[in-house]
Amino acid sequence: MRAVGTSRQSGTPAVRTAVVWDVLRAVLAERSSATGRDRLDIVDAGGGTGGFAVPLAELGHAVTVVDPSPDSLAALERRAAEAGVGVRALQGDAADLGDLLPAGSADLVLCHSVLEYVEDPAGALAAMGGLLRAGGVISVLAANPVAAALHRSAAGRFDEAREVLADPEGRWGDRDPTPRRFTREALSRLLAGAGFAPGDAHGVRIFADLVPSRLLDGEPGAARALVALEQAAAAHPVLRDIATQLHVLGHR
C-alpha cells in the first residue's frame, strides 16, 4: 500500500496536500492513543470525490462522506471500490449533519474547502461540532485572502488584488467564484465561537501554486524537494500567512 498523501505515479508526497496529511497523521495517532481504538470514526463534510476519505479508509478507519453533489458521491464510490475499501456516502449539506448522523459519533471531522461556500459558516461549524465526541478534533482548511491578492497581482489584475484586500469577504469582484475567504485570525474566531479551542495554523500551498509545473515535471526529485520546502514553511510566521489555504485544528 502506498503511503498516505503520496502520488500514485511517483510515490512522492502530493505537493498540495502534504502539509495537511502531516497534521492529520499526528491527529490520528493522538486520537488512537487517547481512545485505545485503531479504527476511528471520521466524517468528511463536503468530502466530494474522496481525496481524503479514501486514503483514510485505506488506513483502516470508518469514514463517512457527506456531500450535496450526487455526482461527486458516485465518483467517491467508484474511487473507494477501486481502492478496495468501504466509505459511507450520504447526500446532504453541512446544515443537515445533525439530521444525518448521531450526535457524538465522530472522533475527527474534516471541513476542507467548505466554509467558503456554505451560507452560514458559524452554523456549519456548530453542526460539525455536535458530531464530535469529547476530545474530538475538527480539521478546517480554507482559502486565504492574502494569497488571492498575490495571485491576482501576479496575473496583472492589480485592481482586483486591491479589491481582495479591501473586501470584508476577501473577494476580488462579482465574478470571483469563491464567495468568501478567511484570514488566520478569522478562522480562529469562528472556531472559538463554535466552542472549539483553536490550534496552531499551518500554511498550505505557499510555494506550490507559484511554481510552474514544467519545473516539477522536468527535474528529477523536484516534487519531493518542493514538498520538503512546503513542510518547512508551513508554520513560518510570515510565509504561513500568504499561503493559498490555511489549515487550523479545533479541539472539542
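Everything numeric here is computed off the predicted structure, so don't read it as measured data.
To the nearest 0.5 Å, atoms CG (L131) and CD1 (I42) are separated by 13.0 Å. In this structure, the separation between CZ on R25 and CG on L59 is 9.0 Å, given to the nearest 0.5 Å. Distance CD1/I242 to CZ/R205: 13.5 Å, rounded to 0.5 Å. Between the CG atom of L210 and the CG atom of L150 there is a distance of 8.0 Å, given to the nearest 0.5 Å. Interatomic distance, CZ of F52 versus CG of L110, reported as 7.5 Å (0.5 Å rounding). One finds the CG atom of L97 at 10.5 Å from the OG1 atom of T64 (value rounded to the nearest 0.5 Å).
Shortest non-hydrogen contact noted between R181 and G170 is NH1-O, 2.7 Å. Scanning all heavy atoms of the two residues, the minimum distance from G203 to R240 falls at N-CG, 3.6 Å. Closest approach of P177 to Y117, counting heavy atoms only: O-CE2, 3.7 Å. Contact record, F182 with A142: CD1-CB, 3.9 Å, taken as the closest heavy-atom pair. Shortest non-hydrogen contact noted between P198 and A192 is CG-N, 4.1 Å. Heavy atoms only, all atoms of each residue included: A161 and A149 are closest at CB-O, 3.3 Å.
With a 4.5 Å cut-off on side-chain heavy atoms, L56 and L40 do not count as touching. Residues V140 and L190 are not in side-chain contact: their nearest non-hydrogen atoms beyond the backbone lie 4.5 Å or more apart. Using a 4.5 Å heavy-atom cutoff, the side chains of V204 and V19 are in contact. Using a 4.5 Å heavy-atom threshold, the side chains of D22 and H202 count as separate. Here the side chains of L191 and I138 are in contact, with some heavy-atom distance below 4.5 Å. A heavy-atom distance below 4.5 Å is not found between the side chains of R79 and V87.
Taking hydrophobic clusters as Ile, Leu, Val, Met, Phe, Trp and Tyr residues chained together by side-chain heavy-atom distances below 4.5 Å, L246 does not share a cluster with L239. When hydrophobic clusters are built by joining Ile, Leu, Val, Met, Phe, Trp and Tyr residues whose side-chain heavy atoms come closer than 4.5 Å, directly or via intermediates, V248 is grouped together with M128. Under the 4.5 Å side-chain heavy-atom criterion for ILVMFWY residues, no single connected hydrophobic cluster contains both L132 and V23. If you chain together hydrophobic residues whose side chains sit under 4.5 Å apart, L90 and L73 never meet in one group.
Under a 3.5 Å cut-off, the side chain of T17 and the backbone N or O of V20 do not form any donor-acceptor pair. For S188 (side chain) and R184 (main-chain N/O), a donor-acceptor pair under 3.5 Å exists by modelled atom type. With hydrogens and angles ignored, the 3.5 Å screen pairs a side-chain donor or acceptor of E116 with a backbone N or O of V114. Looking only at distances, a side-chain donor or acceptor of R31 sits under 3.5 Å from a matching main-chain atom of G135. The backbone N or O of V65 lies less than 3.5 Å from no partner atom in the side chain of D44, so there is not a single donor-acceptor pair.
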Could you walk me through whether L115 and L187 pass the side chain to side chain contact (heavy atoms under 4.5 Å, CB included) test, one step at a time? CA-CA 10 Å; L115 296 182; L187 282 178; 4.2 Å; yes

Could you please spell out the steps behind the side chain to side chain contact (heavy atoms under 4.5 Å, CB included) verdict for R16 and D209? CA-CA 8 Å; R16 293 190 169 203; D209 290 351; 3.3 Å; yes

Salt bridge (charged side-chain N to carboxylate O under 4.0 Å, His left out) between R162 and D159, worked out: CA-CA 5 Å; R162 182 163 47 84; D159 289 339; 3.2 Å; yes

Might you work through the side chain to side chain contact (heavy atoms under 4.5 Å, CB included) test for I206 and E230, ending with a clear yes or no? CA-CA 7 Å; I206 296 171; E230 289 280 345; 3.8 Å; yes

One pair to check against side chain to side chain contact (heavy atoms under 4.5 Å, CB included): V118 and D93. What are the steps and the verdict? CA-CA 8 Å; V118 296; D93 296 312; over 6 Å; no

Salt bridge (charged side-chain N to carboxylate O under 4.0 Å, His left out), that's the test. Do R152 and D176 meet it? Break it down for me. CA-CA 11 Å; R152 298 315 290 172; D176 190 337; over 6 Å; no

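Applying the side-chain hydrogen bond (donor to acceptor under 3.5 Å, both in side chains) test to pairs two or more places apart or on separate chains, those with a residue in residues 131-150 are D41-R133, D107-R133, H112-S139, S139-H247.
Between R88 and the options V66, L101, L76, V63, a side chain to side chain contact (heavy atoms under 4.5 Å, CB included) holds for only L101. Of the candidates T178, D167, L165, V164, V164 is the only one forming a side chain to side chain contact (heavy atoms under 4.5 Å, CB included) with W172.
A salt bridge is defined here as a Lys NZ or Arg NE, NH1 or NH2 lying under 4.0 Å from an Asp or Glu carboxylate O, and R175 with E160 meets this definition.
For CG of D120, the number of neighbouring non-hydrogen atoms (other residues, nucleotides, ligands) closer than 6.0 Å is greater than 12.
Annotation: cation-pi pair R252/F196 present, NZ/CZ under 6.0 Å from the ring centroid and within 45° of its normal.
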